[in-house]
Amino acid sequence: MTDTIERRALSRERLLSAYRMMRTIREFEERVHREFATGEIPGFVHLYAGEEASAVGVCINLDERDTIASTHRGHGHCIAKGVDLGEMMAEIYGRRTGSCHGKGGSMHIADLSKGMLGANGIVGGGPPLICGTALAAKIKGTGGVSVAFFGDGGSNQGTTLESMNLACVWNLPAIFVAENNGYAESTASTWSVAADNIADRAAGFGMPGVVVDGFDFFATCEAASEAIARARDGGGPTLIEMKFTRYYGHFEGDQQTYRADEVEQARAELDCLKRFAARVTETGELGRADLDAVDADVATMIDKAVDEAKAAPLPGEADLLTDVYVRY
Amino acid sequence: MGDAIVGVVANPQSGRDIRRLVAHASVFPTAEKASMIQRMLTALGAVGVHRVLLGTDLGGISAAVFRAVGRRRARGPDTRWPEVEFLDGQPIRQTAQDTVDAVGRMVTAGARVIVCLGGDGTARVTAAAVGDVPMLALSTGTNNVFPAVREATTAGLAAGLVAVGAVPPDRATARAKLLEVRAGGRAETALVDVAVSTERHVAARALWEPATLTQLFCAFAEPDAIGLSSILGQLSPVGRRDPHGVTARLVPGAPRQVLAAIAPGVVVPVGVSEVEPMVPGAVHEVEARAGVIAVDGERELTFEPGERPDVRLRSDGPRCVDVAAVLAASARLGLLRADDGLHYRGGST
């Protein structure tokens with residue numbers, strides 16, 4: 001029990017790290033939102049703003065042994081797992097200096113050296129991947145765990161359900177994180193998810209399923225900490241459902257005619273960064289000056305990432321034949 | 001004397017928290033909650049309840065009942081179920097406030113009994129909103145000390161017999177105790193227990209680490225309870241009808257250790273010292289300088305140095321329908337004798 005308390009303890013350093021990650025994701029996404037409107041960014045972007053406490057609450061409990069698989073809404077997961085900000089921004093701008101040399105764009109940012117298996121344009125594409133890495137970790141005995149993030153739409157995909165079954169059959173160190181932001185594109189999860197709570201489906205596979213307030217870092221972190229410790233200890237998979245709202249449309253340009261004023265209410269009353277800041281300053285664990293210093297530092301980093309991305313070269317004709325499976 | 005109205009509110013989120021992960025707690029499916037309400041409608045209709053007011057939710061419970069009502073109506077006039085009125089038209093926040101709002105509307109509409117389906121947390125929220133209307137708490141949650149684990153059909157019969165006035169109130173209900181916690185300008189109530197923990201944040205709400213607990217206050221502590229009250233239930237039991245409560249300091253290394261089922265699936269030794277009775281009205285100070293206060297097993301209030309929370313036992317808790325007593329009275333009065341037709345079938349009082 002004492003071990004558990006020590007594991008869950010949030011030191012000043014961990015709290016600062018959590019805040020920095022959440023603030024970085026928020027600033028990154030707010031900036032991409034503004035930059036996308038200028039027309040300079042190619043392709044689609046799907047923004048993670050509002051959901052930061054999920055990626056950070058989970059990834060702050062992970063280390064270099066662990067892998068994650070993401071979704072089309074993947075910037076937050078990338079940042080939380082330590083992918084370089086400059087390379088991410090350059091990738092979104094389609095530049096040669098990007099994490100995939102400018103060939104993937106927002107939906108394919110990956111960095112295997114960081115255990116980030118990739119954003120994924122295929123809805124429900126991540127869960128099968130983490131069954132593979134979780135099996136590898138189990139066979140090699142690394143103690144690593146694998147986490148698949150997917151949305152409420154992804155929760156209805158056969159790939160996701162098959163992966164949950166496989167992970168349970170093989171008792172894999174796999175965590176399934178359903179990020180239920182209320183809409184699969186424009187389809188409400190209250191209509192399209194038959195189980196009402198995605199977490200309820202866990203019982204059918206014989207694994208624990210829990211519902212967590214996805215706006216509350218302390219709740220997401222605690223649930224993830226328990227699930228990850230259980231998986232490392234050979235206890236097997238867990239399904240965690242994070243409930244929250246995304247602050248922007250499904251993609252940039254989405255008119256969002258399917259929802260009304262819920263975003264304003266969430267930003268005002270539920271926002272993970274506001275709640276985190278209020279809480280840690282109330283307890284005295286961190287001071288307002290600590291948070292302001294992080295905010296300033298993050299703003300500088302994002303400016304630098306955007307400036308460097310815009311200045312970086314695009315892939316050239318010669319790059320067409322590199323990074324492909326077939327050697328021409 | 002007006003219509004025999006029963007209110008029913010079900011918490012779509014009960015039985016979903018982190019205790020599924022850390023303690024193998026049970027899962028209570030939405031479909032079963034909806035089925036329980038349908039079984040209860042049959043019982044309520046059988047003893048003459050006219051109208052049922054049902055709280056609405058986005059979890060699928062009221063939607064399933066709505067479909068069931070529609071299917072029965074499509075088969076022809078249904079005289080067996082009461083008319084079901086869905087309390088829609090107000091925003092659903094997917095928080096405890098939904099229960100408060102629904103119960104408030106039921107009280108205003110003249111409900112004579114309010115049934116709540118959920119765990120201790122749901123019962124606590126309902127109790128704070130029912131006023132003097134008798135409540136009946138049925139378990140569909142995790143820690144189920146206050147709500148009864150009981151078949152909804154028999155609970156429905158008892159609720160119905162009280163609602164139609166067939167069983168005199170003095171035989172039908174008992175007033176529960178409650179605990180009031182004050183911290184800074186905030187206040188919370190608990191129906192079973194209040195625990196002080198050195199955890200700093202509300203986070204995932206449940207408590208399952210005994211080493212973080214410093215003080216425990218119980219309105220009642222039954223030897224066969226699940227949850228934190230079981231600690232004192234094995235050392236110094238206090239019944240629901242006893243006028244007093246019980247409190248203790250919890251100290252990990254204390255000489256007196258009790259093996260307690262502090263959460264479903266968690267049976268651990270807990271060190272206890274300084275067990276004292278709580279008399280109604282007496283103020284007990286929380287000794288810790290900062291931490292979290294859990295009401296009925298869920299972290300709810302945080303407090304910081306200087307706030308000095310306190311806890312007191314109150315005797316004016318909700319009036320609760322005693323299902324066994326109601327049905328025993330019914331047996332004595334022959335209320336459910338069917339040989340000459342049910343007295344209360346379809347009638348009002």
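Chain identifiers are assigned alphabetically (A, B, ...) following the order of the sequence lines, protein sequences preceding nucleic acid strands; residue numbering begins at 1 within each chain. Because the structure is a prediction, the values reported are computed rather than measured.
The main-chain N or O of V280(A) is never found under 3.5 Å from a side-chain atom of R200(B) such that the two would form a donor-acceptor pair. Remark: the backbone N or O of D17(B) is paired with a side-chain donor or acceptor of R20(B) at under 3.5 angstrom.
Aromatic ring orientation, F149(A) versus H77(A): parallel (interplanar angle below 30°, classes split at 30° and 60°).
If you measure heavy-atom distances from P12(B) to chain A, the contacts under 4.5 Å come from the backbone alone. Of the two parts of E199(B), only the side chain, counted from C-beta on, holds a non-hydrogen atom closer than 4.5 Å to a non-hydrogen atom of chain A. For chain A, no part of R93(B) is nearby; none of its heavy atoms comes within less than 4.5 Å. If you measure heavy-atom distances from T190(A) to chain B, the contacts under 4.5 Å come from the side chain alone. Neither the backbone nor the side chain of E241(A) comes within contact range of chain B; no heavy atom of the residue lies under 4.5 Å from a heavy atom of that chain. For a residue to count as touching a neighbouring chain, one of its non-hydrogen atoms must lie under 4.5 Å from one of that chain's; by this rule V212(A) does not touch chain B.
Between chain B and the residues G209(A), G235(A), A199(A), the largest count of heavy-atom pairs under 4.5 Å involves G209(A). Residue with the most contacts toward chain B among V193(A), T220(A), V210(A), L10(A): V210(A) (heavy-atom pairs, distance under 4.5 Å). Looking only at heavy-atom pairs under 4.5 Å with chain B, the residue among N197(A), T238(A), D216(A) that has the most is N197(A).
Within a 6.0 Å radius of CZ in R308(B), other residues, nucleotides and ligands contribute 12 heavy atoms or fewer.
With H201(B) as the fixed residue, the ring-ring contact (aromatic ring centres under 6.0 Å, His included) test singles out one of F217(A), F218(A), F276(A): F218(A).
The shortest heavy-atom contact between G76(A) and A55(A) is O-CB, 3.7 Å.
Looking at Q13(B) and R16(B), their side chains never bring a donor and an acceptor atom within 3.5 Å of each other.
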